[in-house]
Amino acid sequence: MKAGEHAKLVRGLRQESRRLRLLVIIIGFFLITLTFVVVTKPDAILFNLNGRLSVDQAPRSLLIRQGVDADAAATRRSADTLAAAAEDPKVVDGDSAGVEANANANANAGGASEDEKQALTSETEQGIKAEEATASELLGGEDEEGRKGLHNGRQDDQEHKLTLPTVSNYTIHETTNDSDNGKQEGIKLVMDVDQSNGRDRSHQLELDNMEWDKPLCDFSNFRANVCEMRGNIRIHPSGSSVMYMEPTGSMKDEQWKIKPYPRKGDELCLSHITEVTVQSSRVAPECTKYHDVPAVIFALTGYTGNLFHDFTDVLVPLFTTASEFNGEVQFLITDMAIWWTRKYAVVFEKLTKYPLIDFNKDNEVHCFKHTIVGLHAYMEFTIDPLKAPHNYSMVDFNKFMRRTYSLPRDEVTALGEVPRTKPKLLIISRQRTRMFLNLKEIVAMAEEIGYEVVVEEANVNSNVAHFAKVVNSVDVMMGVHGAGLTNCVFLPHSAILIQIVPWGALDGICRVDFGYPAEQMGLRYKHYSISVHESSLMDQYPLDHEIFRNPLAFHKNGFEFVRRTFMDTQNVRLDCKRFRPILLDALDQLNQ
């Protein structure tokens, strides 16, 4: 080989060697980064694996009674219902129930054999009237008559309705960090719970011949469809079916389809929820697991991950539905989000004594004597004691949350009972939208009045147990309208919640999301609507702009426009002189 060719070969090898080293460095850096993400933020991956909707995708969910643009849709629904009934009068569909709200429920089929054990008792009929709020009240109407109408608004005529937003869908845009929540003791997931296998089931023969004398499902609630049955029931998760075994001579012959997440009418949300078929049957797979406790089937994927939705869509309805069983209940969860069950592990441990069953990964045929599919839900973040089992209320839920997280204060102590103790004020801060632009000035003013001030930011990454203790330690909590105010569930009874309402004719929505729920929990609620000069919108629009002259007109353009205009781009510069009387009045109430 010539000397020149040898030199070229050496140079070529050196270049290839440099390229190889560079490639190894790049690959190594990528692997290190990926490992760091998986270890520190596993939830970011779990979100996508579970098909969870982002908060940005969430349309507004609060039903508002409205007499506009509904006649055509109602006519189409009636025609579709009649056509379906003509084809098969035995099949009942969720839409044909005629109640629009925050989620359409649908489900598929199953059945059970006549040799299995079941118990049958009759239960009280659940109310079928829907709770509604008038559009004028939600979009800014503050007259006394309208407020009473929202409190007591249960009307028979529900034909014309409009879906509008609540707080949860326009609040926090961020990923979940499970590093704190991972420290909590995880809930064990199982696919083979056998609570009574091998027992003598001869006593079931008589019960198998008893018939559940109600329809299997109730689709009359405007927000959530619920199926409940007693008898010989077989749940076959791999077939997405719940089968009620018909006794000899039964003519029930029902089939329902349900998506067990309380956002009836919200097609975007429900498109990610597993559909379950509930039906009566005389033929079904043989039981492989027997249970002596009731079953509750519900979904987690949806808008969970936003604090407000965690409570209004799952925790409050789950408490309402399952509390009566005192832990003797088996949960079967469709669309399981493992990170979420870890985050609220302590809540699950209080509601059930049994391991959670991942509905989508279970291959058994479970036999129960009592089954509920779906969760009882009413207005946003509330419980209707007139309809809830055992007349449960938000006061009961508030007590349950304090007990669950072992919070020490059940009641606010009147000022003066503990000498030299200042009342504590918690300010919920935000970092992206609806921020306090003069937070230091607000803190100084509150301290001057006589408060001990605590500032905390509540977001999806917050450790629930830690934040619960902080909230329970204060007497007054204040913040701009947003999901962080959901933490009021940890306040002691008779504490004070102050909601700062952004500019934009949002008073009605704010009262529905937090005002009325707070009062129903036994809290004292104060409502502060900012003026034009307290809004950062002044920096974006001239004072004679319609956004200041007639903000309600912007609501006609739909929620997305309202959110972009009034929620995502607005911050608050609180007028301390104007706001000062609110804090002084709170002090007076604490002295009472």
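Every heavy atom of this structure was used, including side-chain atoms; hydrogens, water molecules and symmetry mates were not.
Here the options are Phe348, Phe400, Phe311, the test is ring-ring contact (aromatic ring centres under 6.0 Å, His included), and the partner is Phe319; only Phe400 passes.
Side-chain contact between Ile372 and Pro294 is absent, with no heavy-atom pair separated by less than 4.5 Å. Counting only heavy atoms from C-beta outward, the side chains of Arg402 and Asn398 approach each other to under 4.5 Å. Taking 4.5 Å as the limit, every side-chain heavy atom of Val365 sits out of range of all side-chain heavy atoms of Lys289. Counting only heavy atoms from C-beta outward, the side chains of Leu523 and Met394 never approach each other to under 4.5 Å. Counting heavy atoms from C-beta on, the side chains of Pro237 and His366 come closer than 4.5 Å. Thr341 is listed as a side-chain neighbour of Leu300, based on a closest heavy-atom distance under 4.5 Å. No side-chain heavy atom of Lys259 sits under 4.5 Å from any side-chain heavy atom of Thr274. Annotation: side chain of Met521 is in contact with side chain of Cys488 (closest heavy-atom distance under 4.5 Å).
The minimum heavy-atom distance between Asp335 and Thr301, with the atom names listed, is O-OG1, 2.9 Å. Between Ile297 and Thr371 the shortest heavy-atom distance is CD1-CG2, 4.4 Å. Shown here for Glu324 and Pro389, the closest heavy-atom pair between the two residues is OE2-CB, 3.9 Å. When all heavy atoms of Val296 and Phe325 are compared, the pair lying nearest together is CG2-CE1, 4.3 Å. Cys227 and Val278 make their closest contact through SG-CG2, 4.0 Å (heavy atoms, listed as atom of the first residue, atom of the second, distance). In terms of heavy-atom proximity, Gln520 sits nearest to Ile383 at OE1-O, 3.8 Å.
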Can you list the steps and then say if Leu375 with Thr320 is a side-chain contact (heavy atoms from CB on, under 4.5 Å)? CA-CA 8 Å; Leu375 301 175; Thr320 306; over 6 Å; no
Candidate pair Thr304 and His309, rule side-chain contact (heavy atoms from CB on, under 4.5 Å), full reasoning: CA-CA 5 Å; Thr304 51; His309 274 293; 5.6 Å; no
For Ser281 and Glu246: C-alpha separation, side-chain torsions, deciding distance, then whether side-chain hydrogen bond (donor to acceptor under 3.5 Å, both in side chains) applies. CA-CA 6 Å; Ser281 177; Glu246 297 183 48; over 6 Å; no
Start with the C-alpha gap between Asp410 and Lys399, add the side-chain angles, then the distance that decides, and say whether salt bridge (charged side-chain N to carboxylate O under 4.0 Å, His left out) holds. CA-CA 8 Å; Asp410 289 328; Lys399 292 178 181 177; over 6 Å; no
Give the C-alpha distance, both sets of side-chain angles, the deciding distance and a yes or no for side-chain contact (heavy atoms from CB on, under 4.5 Å) between Asp513 and His481. CA-CA 9 Å; Asp513 286 347; His481 176 72; 3.4 Å; yes
Given Ser494 and Glu411, is the side-chain contact (heavy atoms from CB on, under 4.5 Å) satisfied, shown in steps? CA-CA 6 Å; Ser494 298; Glu411 186 88 23; 3.0 Å; yes
Apply the test ring pair (Phe, Tyr, Trp, His ring centres under 6.0 Å) to residues Phe397 and Tyr392: give CA-CA distance (whole Å), side-chain angles for both, the deciding distance (0.1 Å), then the verdict. CA-CA 8 Å; Phe397 181 74; Tyr392 289 129; over 10 Å; no
Please assess Asp313 against Arg223 for the test salt bridge (charged side-chain N to carboxylate O under 4.0 Å, His left out), listing each intermediate value before the final yes or no. CA-CA 10 Å; Asp313 288 356; Arg223 188 180 167 202; 3.0 Å; yes
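Here the straight-line distance linking atom CG of Leu332 with atom CG of Leu356 works out to 9.0 Å at 0.5 Å rounding. Atoms CG and CZ, on Leu485 and Phe381 in that order, are 9.5 Å from each other to the nearest 0.5 Å. If you take NE2 on His376 and CG on Asp218, they are separated by 8.5 Å, rounding to the nearest 0.5 Å. For the atom pair Glu254 CD and Tyr244 OH, the distance stands at 9.0 Å (nearest 0.5 Å). Between the CZ atom in Phe308 and the CZ atom in Phe514 there is a gap of 5.0 Å [rounded to 0.5 Å]. Considering OH of Tyr354 and CD of Glu349, their distance stands at 15.0 Å, rounded to 0.5 Å.
Judged purely by atom type and a 3.5 angstrom limit, Asn221 uses its side chain to pair as donor or acceptor with the backbone of Ala377. Checking side-chain atoms of Thr321 against main-chain N and O of Leu318 turns up no donor-acceptor pair under 3.5 Å. In this structure, Lys350 contributes its side chain and Thr404 its backbone to no donor-acceptor pair below 3.5 Å. Between the Asp362 side chain and the Phe359 main chain, no donor and acceptor come within less than 3.5 Å of each other. Side-chain N or O atoms of Thr352 include one that pairs as donor or acceptor with a backbone N or O of Val329 at under 3.5 Å.
Between Phe490 and Tyr405, the distance separating the two ring centers is shorter than 6.0 angstrom.
A donor-acceptor contact under 3.5 angstrom links the side chains of Asp266 and Tyr303, judged on distance only. No side-chain N or O of Trp256 forms a donor-acceptor pair with one of Asn225 less than 3.5 Å apart. A donor atom on one side chain and an acceptor atom on the other are not found under 3.5 Å apart for Ser241 and Gln279.
By the side-chain contact (heavy atoms from CB on, under 4.5 Å) test, Ser238 pairs with His236, Asn363, sequence neighbours left out.
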